[in-house]
Amino acid sequence: MGRAKDWIHAAGWAGIMATYRTTRDPSLLAAVISWAGDFDLTETPHHPRADNQCASQTFLDLYALDPRPANDFMLAAAKQSFAPLLENAVAGRAEWWWQDALFMAPPVLARLSSISGDERYASVLHRMWWDTVAFLFEPKVGLMYRDDRRRENFWARGNGWVVAGIARVLQALPAQDGRRDDYVQLLRTMCAALLPLQAADGLWRANLLKPDEFPNPESSGSGFFTYAMAWGVNSGALDPPTFLPVVARAWGALVALVRADGQLGWVQPVAALPAPTTAETTAPFGVGAFLLAATEVARIADPTFVRAISA
């Protein structure tokens, strides 16, 4: 995994951090600390776009494990990055105009609210999140468009970013938050819409409603869907009898996409719409989706599920 702090790598490190929290493998924690430790606060633009804020999810998860003064730079970096949104009333659709942004920035705001106790971060999160949802969500389908320029299809990874973003917001949002149930309901709506779109092989295709356009496997969108559904089952947000079989099929299919060299294949490259991919194509964000899914699958104790994924 590269050491860059851009969204491509930050999504991968989010998966590594989640894997550490599940396995408590000290080598993983050491790797995350090393990656975060060379962060230069001066590199943070005064008002970066959401893509540049994604790394702070892992910074804050790391800080929460060890909130001592030596780690304050990670909290300071996140606060500095979001300061303009606290100071100015900004519409979500103006800043988070593409659906991927709902994975990148909102989980950071939820963590800032929880760690700092400053409810302004949650207030900004709610105002901007639901404005973006109003802008891009299609109620007739139960899914979201990638952005206002691309309303001709429903992209798997784009919707994967959203449902994974919901899970990571809820993971950190204080239990007493008044909007929590709204996020749970959106997760239920979107996951229900995804159920009939799962292909026979357990995966989802890049173009969700037009699976024949790119019939090849695609692991990043499928990985995020698997993570969100497994997290939903584990948290009580989703119905186990409905979703456990879906997660079991998806997880088995994802594992089969790991190549003999240990690399995850079939990750659609950086894009803004559905496109083809190959067994040779991988990317840190696809690995992050896979690891996030793995951490939640590992928590499922249902005997039938365990037998299904062990077969």
Side-chain touch [X]/[Y], heavy atoms, less than 4.5 angstrom:
X	Y	result
L143	V162	no
W97	L136	no
S113	D118	no
L194	L208	yes

Open item on the list: Walk me through whether F154 and Y145 qualify under ring-ring contact (aromatic ring centres under 6.0 Å, His included).
Closed with: CA-CA 6 Å; F154 294 90; Y145 297 106; 4.6 Å; yes
Whether [X] side chain and [Y] backbone form a donor-acceptor pair below 3.5 Å:
X	Y	value
R168	P107	no
S310	V306	yes
E218	S220	yes
T132	W96	yes
N88	V90	no

Task: Residues R93, D147; criterion salt bridge (Lys or Arg N to Asp or Glu O under 4.0 Å); working and verdict - done: CA-CA 9 Å; R93 68 190 66 190; D147 60 59; over 6 Å; no
Where is the tightest heavy-atom contact between [X] and [Y], given as atom of each residue plus distance?
X	Y	value
L65	M17	CD1-CE, 3.3 Å
C54	A11	SG-N, 4.1 Å
L187	G232	CD2-CA, 4.3 Å

TODO: Taking atom types as modelled, find out whether T281 and T278 have a side-chain donor-acceptor pair closer than 3.5 angstrom.
DONE: yes
Open item on the list: Side chains of R111 and Q57: any donor to acceptor distance under 3.5 Å?
Closed with: no
Open item on the list: Using salt bridge (Lys or Arg N to Asp or Glu O under 4.0 Å), reason through D239 and R188 one step at a time and then give a plain yes or no.
Closed with: CA-CA 9 Å; D239 177 56; R188 289 172 176 164; over 6 Å; no
Open item on the list: Could you check whether atom CD of E152 has more than 12 heavy atoms from other residues, nucleotides or ligands sitting under 6.0 Å from it?
Closed with: yes
- [ ] Test ring-ring contact (aromatic ring centres under 6.0 Å, His included) on F59 and W35 and set out the steps.
- [x] CA-CA 10 Å; F59 293 164; W35 171 73; 5.4 Å; yes
Open item on the list: Please report the interatomic distance CG(L125) to CZ(R120), rounded to the nearest 0.5 Å.
Closed with: 14.5 Å
Open item on the list: Students often mix this up, so state it plainly: with edges at 30° and 60°, are the rings of W161 and F285 parallel, tilted or perpendicular?
Closed with: tilted
Task: With sequence neighbours excluded, residues passing side-chain hydrogen bond (donor to acceptor under 3.5 Å, both in side chains) with Q263 - done: none
TODO: Go through the steps to decide whether R21 and D25 satisfy the test salt bridge (Lys or Arg N to Asp or Glu O under 4.0 Å), and finish with yes or no.
DONE: CA-CA 8 Å; R21 294 175 72 131; D25 181 338; over 6 Å; no
Open item on the list: Could you go through L62 and N71, starting from their C-alpha distance and side-chain angles, then the distance that decides it, and tell me whether this counts as side chain to side chain contact (heavy atoms under 4.5 Å, CB included)?
Closed with: CA-CA 9 Å; L62 190 59; N71 291 331; 5.9 Å; no
Task: side-chain contact (heavy atoms from CB on, under 4.5 Å) partner of W130, the single match among F137, F135, Y183 - done: Y183
Only distances under 3.5 Å count here; give the side-chain donor-acceptor pairs of residues 291-300 to other protein atoms, sequence neighbours excluded, each with its distance to 0.1 Å.
from: T295; atom 1: OG1; to: L292; atom 2: O; distance (Å): 2.7
from: E296; atom 1: OE1; to: N234; atom 2: ND2; distance (Å): 2.8
from: E296; atom 1: OE1; to: R299; atom 2: NH1; distance (Å): 2.7
from: E296; atom 1: OE2; to: R299; atom 2: NH1; distance (Å): 3.3

- [ ] For R68 and D66, run salt bridge (Lys or Arg N to Asp or Glu O under 4.0 Å): C-alpha distance rounded to whole Å, both residues' side-chain angles, the deciding distance at 0.1 Å, then the answer.
- [x] CA-CA 6 Å; R68 55 194 172 92; D66 188 14; 2.5 Å; yes
- [ ] List in chain and number order the residues that pass ring pair (Phe, Tyr, Trp, His ring centres under 6.0 Å) with Y20, two or more places apart in sequence or in another chain; answer none if no residue qualifies.
- [x] none
TODO: May I ask you to establish whether R49 and W98 are in a cation-pi arrangement, using a distance under 6.0 Å from NZ or CZ to the six-membered ring centre and at most 45° from the ring axis?
DONE: yes
- [ ] Show your working on side chain to side chain contact (heavy atoms under 4.5 Å, CB included) between E95 and L85 and close with a plain yes or no.
- [x] CA-CA 10 Å; E95 290 293 329; L85 296 183; 4.2 Å; yes
